There are 2 protein chains.
Amino acid sequence: MTEDATHPTTAGPPIGIGDLARHSGCKPETVRYYERIGLLPDATRSEGGQRRYDERTVRRLTFIRHARDFGFSIEAVRELLEMADHPEMPCDEVDAFAKHHLAEVESRLQRLAALRDELKRMVTQCAGGRVESCRIIEVLSDHRLYHQRGEHGGSNALR
Amino acid sequence: MTEDATHPTTAGPPIGIGDLARHSGCKPETVRYYERIGLLPDATRSEGGQRRYDERTVRRLTFIRHARDFGFSIEAVRELLEMADHPEMPCDEVDAFAKHHLAEVESRLQRLAALRDELKRMVTQCAGGRVESCRIIEVLSDHRLYHQRGEHGGSNALR
DNA sequence: CTAATCCCTGTAGCGACTAGAGGTTCAAGC
DNA sequence: GCTTGAACCTCTAGTCGCTACAGGGATTAG
């Protein structure tokens with residue numbers, strides 16, 4: 001469905017770096033950078049020396065971009081790719097990886113949700129008010145945010 | 001409750017940069033950096049020229065760290081601090097700020113939740129399996145992730 | 001064939017820190 | 001009062017993950 005119907009998924013006409021970038025949502029510079037640091041294999045070249053890619057690279061790069069977007073470091077992405085490149089190996093490493101990241105993702109999620117609620121509240125209720133009645137600042141100064149949000153104890157001034 | 005009971009919240013004995021850092025969860029280097037770029041006011045100094053801080057700075061810095069942690073850029077933090085520094089001004093700017101960031105935070109939240117689910121599934125179900133049965137790689141390669149997750153269409157190789 | 005567009009390498013810059021060198025200040029113990 | 005060791009100072013340079021030129025060559029539409 002994402003594929004070109006004329007070919008059975010795997011091969012298609014090779015594309016240039018610009019198209020690769022467009023299809024996967026990043027820039028040509030970034031593609032070259034990823035090649036340089038080894039996240040992408042050295043591209044095959046045209047007669048004149050320009051990089052040529054196929055559909056698999058589009059998927060690989062899309063994967064990279066999504067993973068980066070989720071907050072994984074380049075090194076974490078490298079690990080994930082390593083696993084993706086060896087689908088025959090046992091799941092243990094992926095499992096360890098998942099365990100390692102789950103807690104972090106969850107806490108990030110919670111805090112982000114708290115922020116979202118606050119932003120939402122502000123958008124719907126703040127019209128005409130004053131800054132001092134906006135709780136966002138309070139929310140962000142609060143130490144307890146990382147544990148839970150109890151009833152708000154004073155503290156307004158930040159300097 | 002976070003405060004020292006001997007003083008009514010505002011003033012306390014001045015603390016050094018190390019304590020400030022510990023209390024707010026960042027490093028002395030970062031504190032100096034924030035001062036340099038103007039997120040923190042120039043600190044008052046001891047006789048010998050060392051920085052001295054009070055409770056307000058702890059709060060301000062905690063605020064900065066949380067905001068950064070939520071993914072706000074330094075410039076966004078600067079705006080927020082500007083607002084916090086002028087609580088008497090009308091809410092419009094905070095409101096605009098909130099509107100501007102809400103959409104982004106929400107989409108980030110959704111994608112993070114998708115990832116969380118996948119990690120969770122992996123941790124609970126993957127024991128003993130093989131990488132090829134792990135959907136995380138599929139999830140992260142999928143274009144449609146940003147819209148919704150339909151039934152999974154093939155595609156394993158990423159290179 | 002030519003013009004427009006794309007692509008090449010290499011280097012430098014950015015944001016947001018972080019680390020180190022080399023020297024000064026502070027505070028606790030004697 | 002003196003010593004000692006941790007904490008602090010400034011300044012510069014390095015890191016990560018890109019991003020933006022500059023100065024050229026390749027490709028493709030007309």
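Here is the naming used below: chain letters follow the sequence lines, and residue numbers restart at 1 for every chain. Note that this is a predicted model, so its numbers are computed, not measured.
Closest-nucleotide positions on DNA chain D for B:R52 and B:R36 were compared, and the one nearer the 5' end corresponds to B:R52. Comparing A:Y33 and A:G48 by the nucleotide of DNA chain D that holds the closest heavy atom to each, the one mapping nearer the 5' end is A:Y33. Nearer to the 5' terminus of DNA chain C, by closest-nucleotide assignment, is the contact made by A:P28 (compared with the other of A:P28 and B:R68). Along DNA chain C, the nucleotide nearest to A:G49 and the one nearest to B:Y34 differ in position, and the one closer to the 5' end is contacted by A:G49.
In the helix from C:dC1-D:dG30 to C:dC30-D:dG1, the rotation axis of the first five pairs and that of the last five pairs differ in direction by 10°, rounded to 10 degrees.
Annotation: side chain of A:F72 is not in contact with side chain of A:R78 (no heavy-atom distance under 4.5 Å). Side-chain contact between A:L39 and A:Y33 is absent, with no heavy-atom pair separated by less than 4.5 Å. With a 4.5 Å cut-off on side-chain heavy atoms, B:D54 and B:P14 do not count as touching. Side-chain atoms of A:V31 and A:Y53, non-hydrogen and from C-beta on, do get closer than 4.5 Å to each other.
No side-chain donor-acceptor contact under 3.5 Å links A:R52 to the backbone of A:A43.
When DNA chain D is scanned in the 5' to 3' direction for atoms under 4.0 Å from non-hydrogen atoms of chain B, the outermost contacting nucleotides are D:dC8 to D:dT10. The outermost nucleotides of DNA chain C lying under 4.0 Å from heavy atoms of chain A, listed 5' to 3', are C:dC7 to C:dT9.
With respect to A:D85 and A:R60, a salt bridge is recorded, a charged nitrogen being found less than 4.0 Å from a carboxylate O.
Base contact: A:R32 has a heavy atom under 4.0 Å from a base atom.
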